[in-house]
There are 2 protein chains.
Amino acid sequence: METVERLIRSTQELLWERGYVGTSPKAIQIAADAGQGSMYHHFSGKAELAKAAIERSGAELRAAAEEQFTEGTAASRITAYLRRDREVLKGCRMGRLTSDPDVMADPVLRAPVDETFAWIRSRLAEIIAEGKKSGEYPKSLDAAKTAATIAAVLQGGYVLARAANSAEPFDLAIEGLIDLLGAVS
Amino acid sequence: METVERLIRSTQELLWERGYVGTSPKAIQIAADAGQGSMYHHFSGKAELAKAAIERSGAELRAAAEEQFTEGTAASRITAYLRRDREVLKGCRMGRLTSDPDVMADPVLRAPVDETFAWIRSRLAEIIAEGKKSGEYPKSLDAAKTAATIAAVLQGGYVLARAANSAEPFDLAIEGLIDLLGAVS
DNA sequence: GTCTATAGACAGATAGAC
DNA sequence: GTCTATCTGTCTATAGAC
């Protein structure tokens with residue numbers, strides 16, 4: 001793999017594990033097996049590298065979600081998305097960045113995070129709207145609200161799981177939501 | 001206020017804003033208006049100070065939650081808890097610590113985080129169980145699952161709000177959950 | 001493109017005076 | 001209890017040789 005690619009992937013991994021504040025250029029270089037000069041030749045610094053890594057992660061996240069969003073009824077697509085196999089104890093690569101003050105303070109770094117969640121909520125809302133048309137969900141169900149609730153359960157599930165050092169609370173939260181959604185349909 | 005108290009409160013605030021990795025002893029000393037020698041006289045270092053701050057925050061969080069948990073029907077107590085005024089864009093003081101690798105890696109620092117969320121889920125489950133007894137909720141509603149879902153929506157709501165730099169997704173997620181809970185009761 | 005050298009600032013303490 | 005001095009290592013680059 002080429003140097004630039006190794007640098008971006010290593011940065012993605014480190015941002016996931018340790019966040020922006022906790023990730024040093026040195027650590028990235030070691031993980032990517034690239035020298036100092038090499039890194040600074042390809043990127044102006046930590047921020048530019050992080051931008052590339054966050055954008056890449058956002059694209060990957062959307063692609064992974066879209067896989068569940070393509071076939072089946074509205075309810076089955078949402079359930080498939082919720083129950084998809086996830087590295088629960090590692091948390092969400094994108095969600096964890098929201099607690100990184102330096103990422104949130106920099107519009108360039110926050111933008112891809114913002115866009116990713118906006119996209120997910122919007123896609124979920126579309127699917128719920130389809131479900132209302134098909135009669136799977138009642139007309140009274142608010143698509144935007146429900147979409148936000150679904151996205152929040154996933155993000156919050158990660159938080160509860162990491163706090164407990166166990167995937168159990170994540171699974172409980174997901175199944176609790178599926179039960180509630182099943183009750184209205 | 002006394003020095004020890006100022007140190008703990010300043011650490012609570014800094015952990016909330018910048019996390020453990022992003023908070024330096026120096027920053028704590030400045031915020032607490034305490035000297036280096038003074039800080040190291042009262043605490044062995046950053047970790048011990050963080051332990052005191054996290055435990056304090058956990059106690060405050062439980063006390064704040066218990067306020068909403070005391071009067072009214074089960075459903076009204078849960079709604080009151082969900083709609084309580086919160087500093088949404090600052091995120092959850094306890095939840096943000098779950099993305100701090102050094103906190104999660106140290107059992108002493110993770111314990112109060114774990115206990116706080118375990119307590120909240122357990123209290124919510126108790127209230128839902130009461131609601132089932134009183135007939136507010138159907139017998140088929142799983143208390144542990146639903147409690148996890150409620151806690152997750154709050155934590156995830158913070159994540160979505162910070163990503164969007166707006167309280168709106170938080171409010172949407174909360175209201176979406178309240179609608180779902182209303183539909184089953 | 002990649003390497004090594006250098007550098008100022010900060011992190012996270014420790015030591016000893018007062 | 002609090003203060004100042006000191007210390008080792010790391011952070012985040014920049015500069016210039018190869």
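Just so we're on the same page: letters track the sequence lines, and every chain starts at 1.
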Look only at the side chain of [X] and the backbone of [Y], and say whether a donor-acceptor pair between them is shorter than 3.5 Å.
| X | Y | result |
| --- | --- | --- |
| A/Q68 | A/A64 | yes |
| A/R162 | A/L89 | yes |
| A/R6 | A/M1 | yes |

[Y]/[X] salt bridge by N-O under 4.0 Å criterion:
| X | Y | value |
| --- | --- | --- |
| B/E48 | B/K51 | no |
| B/E66 | B/R62 | no |
| B/R96 | B/D100 | yes |

Looking at every strand, decide which applies to B/G35 at a 4.0 Å heavy-atom threshold: base, sugar-phosphate, or nothing.
->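 The answer is sugar-phosphate, as B/G35 gets under 4.0 Å only of primed atoms, P, OP1 or OP2.
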Any side-chain N or O of [X] below 4.0 angstrom from OP1/OP2 of [N]?
| X | N | value |
| --- | --- | --- |
| B/S38 | D/dC3 | no |
| A/H41 | C/dC3 | no |
| A/T3 | C/dG1 | no |

Pairs under 3.5 angstrom, nitrogen or oxygen only, protein versus nucleotides 10-13 of chain D, please.
unit_1: D/dT12; atom_1: OP1; unit_2: A/K46; atom_2: NZ; d: 3.1
unit_1: D/dA13; atom_1: OP2; unit_2: A/K46; atom_2: N; d: 3.4
unit_1: D/dA13; atom_1: O5'; unit_2: A/Y40; atom_2: OH; d: 3.1
unit_1: D/dA13; atom_1: N7; unit_2: A/Q36; atom_2: NE2; d: 3.0
unit_1: D/dA13; atom_1: N6; unit_2: A/Q36; atom_2: NE2; d: 2.5

Tell me the interatomic distance from [X], atom [atom1], to [N], atom [atom2], rounded to whole angstroms.
| X | N | atom1 | atom2 | value |
| --- | --- | --- | --- | --- |
| B/F43 | D/dT2 | CZ | P | 12 Å |
| A/I30 | C/dC3 | CD1 | C1' | 16 Å |
| B/I28 | C/dC10 | CD1 | C1' | 14 Å |
| B/H42 | C/dA13 | NE2 | P | 17 Å |
| B/M39 | D/dT4 | CE | C1' | 16 Å |

